[in-house]
Protein chains: 2
Amino acid sequence: MMVKHTGRPGYLQIADDLRAQIRGGALAPGAPLPSTAQLAEQYDASLSLVKMAVGVLRTEGLVVGQQGKGVFVRDAAETPADEIAELRAAVQELSVRLARVEEQLATSTERPS
Amino acid sequence: MMVKHTGRPGYLQIADDLRAQIRGGALAPGAPLPSTAQLAEQYDASLSLVKMAVGVLRTEGLVVGQQGKGVFVRDAAETPADEIAELRAAVQELSVRLARVEEQLATSTERPS
DNA sequence: GTAGCCAACATAGTTAACCTAGTTGGCTCA
DNA sequence: TGAGCCAACTAGGTTAACTATGTTGGCTAC
């Protein structure tokens, strides 16, 4: 696998990168993503990680998989959630981080007696 | 794996059911989902399927997992309509929480130990 | 020539195993 | 008593193997 020093899970890093490529136009609507095997080699990741990353993008509605053919970028028209997906991912990550910090803070500031 | 014998994948059926429970109020905001082991037994499914189902809900932002504690229904679960408004509200809330945490952090570090 | 088969490729779903790491409550021992 | 360790929970991440199924292009047999 690659850049892990960020603590962000590998499959989310891959999803982030693909999402950025879609948002940036490097992967245009209708265009196919590289195959699972190609992505695995490209990111030096296991097939499992790539499948999980694609699964995230599928759940977000950014891409649509067609069995036997490939995974294709959805049209911006039919994905009013493309920009939202990115924001939602960011907000969710912030929520997790904040929840962790709050918890840590709550336990460390418990009043003695 | 013993879920319905429809064409719908098992992990999506589990995610659907949990989502319905959240939307229906059976799982209130802040409430914890049953543990993955309990869900696996409850749905007579493998741990893998349950983890995938929870992963979908996490990606959707319906729940937030806290390592070591559980998976909890998010407060924003009742905002189905305008996703942008939802995200704006989420950002607003995160800002407030972050400000409060930073405040507490600053005061608590004035006196180490 | 062409109809049909078939191998190679693709996504998708499922399961299991192993590891990391945070939480909690109880037990032991000084 | 109480401080600290420890066992049993918890979610999360990673990998691998197997199956199912759809697509495509080439080869073969007629």
Side-chain angles (χ1 to χ4, degrees), chain A residues 1-16 18 31-59 61-74 89 92-93 95-108 110 112-113, chain B residues 1-16 18 31-59 62-74 113:
Chain A
M1 189 185 34
M2 43 181 302
V3 264
K4 172 159 188 236
H5 56 79
T6 61
R8 185 137 170 96
Y11 73 98
L12 287 184
Q13 290 184 40
I14 298 176
D16 289 343
L18 292 175
L33 269 61
S35 75
T36 306
Q38 287 173 336
L39 287 176
E41 181 175 358
Q42 179 178 324
Y43 289 105
D44 192 20
S46 68
L47 286 176
S48 301
L49 280 199
V50 172
K51 286 167 85 172
M52 290 175 72
V54 173
V56 168
L57 298 182
R58 254 192 307 151
T59 299
L62 281 180
V63 300
V64 172
Q66 286 187 36
Q67 214 172 302
K69 296 181 74 176
V71 178
F72 300 87
V73 180
R74 289 184 61 183
Q92 190 192 342
E93 193 218 343
S95 298
V96 173
R97 286 170 52 193
L98 187 52
R100 181 160 46 233
V101 170
E102 284 176 339
E103 172 67 20
Q104 190 178 341
L105 203 53
T107 57
S108 70
E110 277 172 359
S113 82
Chain B
M1 96 174 90
M2 279 317 157
V3 256
K4 282 281 177 88
H5 156 272
T6 75
R8 191 138 175 93
Y11 73 97
L12 287 184
Q13 290 185 38
I14 298 177
D16 289 344
L18 292 175
L33 270 60
S35 74
T36 52
Q38 287 174 336
L39 287 175
E41 180 174 359
Q42 177 179 325
Y43 289 105
D44 192 17
S46 68
L47 286 176
S48 302
L49 280 200
V50 172
K51 286 164 95 173
M52 290 177 71
V54 173
V56 168
L57 298 183
R58 256 194 304 151
T59 299
L62 282 179
V63 299
V64 172
Q66 287 189 35
Q67 215 170 357
K69 296 181 73 174
V71 178
F72 300 88
V73 180
R74 283 202 8 181
S113 83

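As the structure is a computational prediction, the values presented were derived from the model and not from experiment. In what follows, chains are A, B, ... by sequence order, proteins preceding strands, each numbered from 1.
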Worksheet item: Within less than 4.0 Å of OP1 or OP2 of dT15(C), is there a side-chain N or O belonging to Ser46(B)?
Response: yes
Worksheet item: Please give, in whole Å, the distance from dT15(C) P to Tyr43(B) OH?
Response: 15 Å
Fill in: Stepwise side chain to side chain contact (heavy atoms under 4.5 Å, CB included) check, Val73(B) with Leu62(B)
CA-CA 6 Å; Val73(B) 180; Leu62(B) 282 179; over 6 Å; no
Worksheet entry | CA sep, side-chain torsions, deciding dist, call: Leu39(A), Ile14(A), side chain to side chain contact (heavy atoms under 4.5 Å, CB included) | CA-CA 9 Å; Leu39(A) 287 176; Ile14(A) 298 176; 5.9 Å; no
Discussion item. As an exercise, state the distance from CG of Leu57(A) to CE of Met52(A), rounded to the nearest 0.5 Å.
Written reply: 12.5 Å
Response to the item:
Rounded to whole Å, the CZ-C1' distance (Arg8(A) to dG13(D)) equals 13 Å
Worksheet item: Separation of Leu47(B) atom CG from dG13(D) atom C1', in whole Å?
Response: 14 Å
Worksheet item: Heavy atoms, side chains only, cut-off 4.5 Å: are Val64(A) and Phe72(A) in contact?
Response: no
Item to complete: Tell me, with the steps shown, if Val54(A) and Thr36(A) meet side chain to side chain contact (heavy atoms under 4.5 Å, CB included).
Response: CA-CA 9 Å; Val54(A) 173; Thr36(A) 306; 5.6 Å; no
Discussion item. Are there over 12 heavy-atom neighbours, none belonging to Gln42(B), within less than 6.0 Å of that residue's CD?
Written reply: yes
What protein N or O atoms touch nucleotides 9-13 of chain C N or O atoms at under 3.5 angstrom, if any, and at what distances?
{"residue": "dA10(C)", "atom": "OP1", "partner": "Ser35(A)", "partner atom": "OG", "Å": "3.3"}
{"residue": "dT11(C)", "atom": "OP1", "partner": "Thr36(A)", "partner atom": "N", "Å": "3.0"}
{"residue": "dT11(C)", "atom": "OP1", "partner": "Thr36(A)", "partner atom": "OG1", "Å": "3.3"}
{"residue": "dT11(C)", "atom": "OP2", "partner": "Thr36(A)", "partner atom": "N", "Å": "3.3"}
{"residue": "dT11(C)", "atom": "OP2", "partner": "Thr36(A)", "partner atom": "OG1", "Å": "2.8"}
{"residue": "dA12(C)", "atom": "OP1", "partner": "Gly65(A)", "partner atom": "N", "Å": "3.4"}
{"residue": "dG13(C)", "atom": "OP2", "partner": "Arg58(A)", "partner atom": "NH1", "Å": "3.1"}
{"residue": "dG13(C)", "atom": "OP2", "partner": "Tyr11(B)", "partner atom": "OH", "Å": "3.0"}
{"residue": "dG13(C)", "atom": "O6", "partner": "Lys51(A)", "partner atom": "NZ", "Å": "2.8"}

